[in-house]
There are 2 protein chains.
Amino acid sequence: MQKAAIERNNETIAAQLTPVGRETVQDRVYSELRRALIGGLFEPSQVLTIRGLADALVTSTMPVREALGRLITEKALEALPNRSVRVPPITLERIDDLLRARSLIEGEAIALAATRMGPRQIATIEAMLGEWDEMRALKHKKDIDREATLNQSFHFEIYRCCGSAVLIPMIESLWLQSGPCIRVAIYAFSEAGEVDTAHYHRSIVAALAKQDAQAAREALVADISRPFAFLRDKLQSAAAKDRT
Amino acid sequence: MQKAAIERNNETIAAQLTPVGRETVQDRVYSELRRALIGGLFEPSQVLTIRGLADALVTSTMPVREALGRLITEKALEALPNRSVRVPPITLERIDDLLRARSLIEGEAIALAATRMGPRQIATIEAMLGEWDEMRALKHKKDIDREATLNQSFHFEIYRCCGSAVLIPMIESLWLQSGPCIRVAIYAFSEAGEVDTAHYHRSIVAALAKQDAQAAREALVADISRPFAFLRDKLQSAAAKDRT
DNA sequence: TCAAAGCAAGTGTGATCACAAATCAAAAAA
DNA sequence: TTTTTTGATTTGTGATCACACTTGCTTTGA
């Protein structure tokens with residue numbers, strides 16, 4: 001009966017090894033497409049083909065078609081009656097609709113998080129704030145991708161603290177849907193002399209540190225409203241010019 | 001140049017024919033599984049196999065696996081590390097989580113709908129109320145499925161009026177997730193001498209008729225809270241008995 | 001010159017097969 | 001009797017093929 005010894009030995013080994021995971025090809029394709037979508041690598045109204053993506057990702061069509069199907073059900077992509085799939089086009093109604101939903105749900109999530117975040121979590125997002133400043137000090141132009149990634153990490157680090165396994169996937173779905181839209185705005189921001197984006201994040205952190213749920217919610221809504229409002233104006237003026 | 005004549009002839013034909021549609025097998029499988037899930041035909045923690053479902057639905061595995069993938073991404077099903085898929089088990093946290101999310105989002109949807117529903121729409125849901133009474137007067141026992149369906153139609157008829165293409169899919173996802181849970185409660189209700197379910201719906205209709213968004217929201221929350229609260233008590237007492 | 005028909009390339013969908021991993025049951029060892 | 005091992009069956013995953021539909025272009029006819 002050396003079962004205990006064997007068990008102990010296995011545990012020792014397990015402690016040294018890092019899990020290799022068993023991610024399927026489909027999962028990798030799905031993650032990659034998600035990343036591309038949130039990052040705004042695809043343009044609104046762009047049509048995607050299964051074989052095209054399969055070639056680009058160097059796999060067969062099978063994992064791609066399943067990943068596309070999943071993205072369609074969460075409204076990150078759109079199935080046309082022709083059976084082809086495209087990233088949803090931007091419309092004024094859709095912008096307002098997305099902003100309202102995001103304010104509602106992400107606002108609730110941050111309000112919940114405000115009462116649950118400990119000093120440990122606050123420190124984490126404060127560190128991200130510092131990283132942000134650091135990056136902007138260097139003034140790299142092409143760090144727009146990195147900036148977007150950092151922004152995403154900042155928000156989801158907070159949302160993860162809300163303790164709701166139901167809300168978080170919904171928020172992810174909303175980011176997926178608004179990704180292609182807001183990327184347009186982000187680019188425009190970057191060109192038009194960036195307003196102090198970090199300012200909004202700072203007030204979010206301040207509210208969370210005080211455990212002030214209402215203030216956190218308002219600061220968050222102000223933060224996410226900005227690119228949507230910008231995009232809205234841009235679309236409206238474009239429509240006005242179109243009419244002339 | 002008899003183009004106009006031909007055109008007119010085609011229109012005449014078109015008026016007589018009903019569109020045949022071009023629904024794929026995958027779509028049918030998906031709809032069928034959705035129906036089963038919302039209707040509570042699957043039990044929580046039940047494991048589903050691709051080939052098993054394919055046999056039951058009399059198709060090949062291909063449409064089933066894609067439908068399952070879609071249901072997993074909207075959290076209606078759960079992918080185990082073993083790669084097998086099951087309907088998510090019920091836990092106390094999950095019940096509270098689902099109720100909170102549903103109150104938040106469906107509450108917002110009905111508040112929006114309250115300002116947008118015309119007399120036409122009000123009449124529609126009032127008619128459903130009547131249908132409900134009629135059904136209960138007959139006192140059929142096995143009409144529990146029909147009752148659930150009617151309940152679903154009632155709610156979504158309202159939600160459709162909220163004018164948000166983003167909120168509605170989220171609500172559908174939430175119903176999908178809570179379907180297997182609340183079915184347990186519904187059955188128990190039906191046995192334990194049904195409380196006046198219709199009463200809650202009547203107060204919803206009354207609030208909507210007055211365009212009172214806040215009252216509508218509160219009435220709705222009261223309505224959907226009921227089965228969740230019931231299920232919560234049941235689970236807690238079961239856990240208490242388990243401890244002894 | 002222009003519109004309709006016809007053809008060819010491309011695309012999504014479903015079926016089937018091969019393979020690896022998981023599961024379960026019976027047999028062997030302790 | 002209990003535990004381990006072994007082997008057979010089941011299951012998910014990915015690849016490939018066949019088919020039907022769409023799309024875009026060319027050709028034909030008025």
Side-chain angles (χ1 to χ4, degrees), chain A residues 1-10 17 19-33 42 45-73 76-88, chain B residues 1-11 13 17 19-33 42 45-73 76-88:
Chain A
M1 171 73 95
Q2 33 176 317
K3 204 172 65 175
I6 293 175
E7 185 69 22
R8 195 161 51 246
N9 183 31
N10 283 345
L17 261 38
V20 66
R22 227 159 45 90
E23 203 183 27
T24 64
V25 179
Q26 178 190 156
D27 290 334
R28 277 199 297 276
V29 171
Y30 177 69
S31 303
E32 188 61 20
L33 291 180
F42 298 134
S45 299
Q46 180 177 351
V47 174
L48 304 178
T49 67
I50 294 181
R51 286 176 172 89
L53 289 174
D55 289 349
L57 296 167
V58 197
T59 44
S60 78
T61 63
M62 183 64 56
V64 175
R65 59 199 268 194
E66 304 201 337
L68 284 187
R70 291 167 67 180
L71 289 168
I72 289 170
T73 66
L77 295 175
E78 194 179 43
L80 274 59
N82 323 344
R83 293 275 154 85
S84 59
V85 8
R86 70 170 176 187
V87 9
Chain B
M1 172 74 92
Q2 30 176 322
K3 206 171 62 175
I6 293 175
E7 185 70 19
R8 195 164 50 246
N9 184 29
N10 283 345
E11 278 175 18
I13 295 176
L17 263 37
V20 67
R22 226 159 43 87
E23 204 183 27
T24 63
V25 178
Q26 179 190 153
D27 289 335
R28 278 198 297 275
V29 171
Y30 177 69
S31 304
E32 189 59 23
L33 291 180
F42 297 134
S45 301
Q46 181 178 351
V47 174
L48 304 177
T49 66
I50 295 182
R51 286 174 171 92
L53 290 174
D55 288 349
L57 296 167
V58 196
T59 46
S60 77
T61 64
M62 185 63 56
V64 176
R65 58 199 270 193
E66 306 202 335
L68 284 186
R70 290 168 68 180
L71 289 168
I72 289 171
T73 68
L77 295 176
E78 194 179 43
L80 274 59
N82 324 343
R83 294 275 156 83
S84 61
V85 4
R86 70 170 177 189
V87 10

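All values below were derived from every heavy atom in this structure, side-chain atoms included, with hydrogens, water molecules and symmetry-related copies excluded. By convention in this document, chain letters (A, B, ...) are assigned in the order of the sequence lines, proteins followed by strands, and residues within each chain are numbered from 1. Since the structure is predicted, the reported quantities are computational estimates derived from the model, not experimental observations.
As a whole-Å value, the separation of Ile50(B) CD1 from dG14(C) C1' is 14 Å. Atom CG in Leu71(B) sits roughly 17 Å away from atom C1' in dG12(D) (whole-Å rounding). For Tyr30(A) and dG14(D), the OH to P distance is 15 Å, given to the nearest whole Å. Following rounding to the nearest Å, Leu48(B) (CG) and dT10(D) (P) show an atom-to-atom distance of 18 Å. Rounded to whole Å, the distance from CG on Leu80(B) to C1' on dA22(C) is 12 Å. Residue Asp55(A) contributes atom CG, which lies 11 Å from atom P of dG12(C) at whole-angstrom precision.
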For residues 62-72 of chain A, run the donor-acceptor check on the side chains, cut-off 3.5 Å, and write out each pair with its distance to 0.1 Å, sequence neighbours left out.
{"unit_1": "Arg65(A)", "atom_1": "NE", "unit_2": "Glu66(B)", "atom_2": "OE2", "d": "3.1"}
{"unit_1": "Glu66(A)", "atom_1": "OE1", "unit_2": "Gln26(A)", "atom_2": "NE2", "d": "2.6"}
{"unit_1": "Glu66(A)", "atom_1": "OE2", "unit_2": "Arg65(B)", "atom_2": "NE", "d": "3.1"}
{"unit_1": "Arg70(A)", "atom_1": "NH1", "unit_2": "Gln26(A)", "atom_2": "OE1", "d": "3.3"}

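The OG atom of Ser60(B) sits 10.5 Å away from atom CD1 of Ile50(B), with the distance rounded to the nearest 0.5 Å.
Of all non-hydrogen atoms in Val47(B) and Ser84(B), the two that sit nearest each other are CG1-CB, 4.4 Å. Residues Ala76(A) and Pro88(A) come closest through the heavy atom pair O-CD, 3.3 Å.
DNA chain C is contacted by Met62(A), Arg65(A) of residues 59-69 of chain A, taking any non-hydrogen atom closer than 4.0 Å.
Residue pairs meeting the salt bridge (Lys or Arg N to Asp or Glu O under 4.0 Å) criterion with at least one partner in residues 45-60 of chain A, sequence neighbours excluded, do not occur; the list is empty.
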Might you list the N or O atoms of the protein lying below 3.5 Å from N or O atoms in nucleotides 18-23 of chain D, with each pair's distance?
{"unit_1": "dT23(D)", "atom_1": "OP1", "unit_2": "Asn82(A)", "atom_2": "ND2", "d": "3.1"}

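Evaluation of the side-chain contact (heavy atoms from CB on, under 4.5 Å) rule for Gln46(B) yields Phe42(B), Glu43(B), Leu48(B), Val87(B) as partners, not counting sequence neighbours. Thr73(A) pairs by the side chain to side chain donor-acceptor pair (under 3.5 Å) definition with Thr73(B), not counting sequence neighbours.
Looking only at side-chain heavy atoms (C-beta outward), Leu33(A) and Leu53(A) come within less than 4.5 Å of each other.
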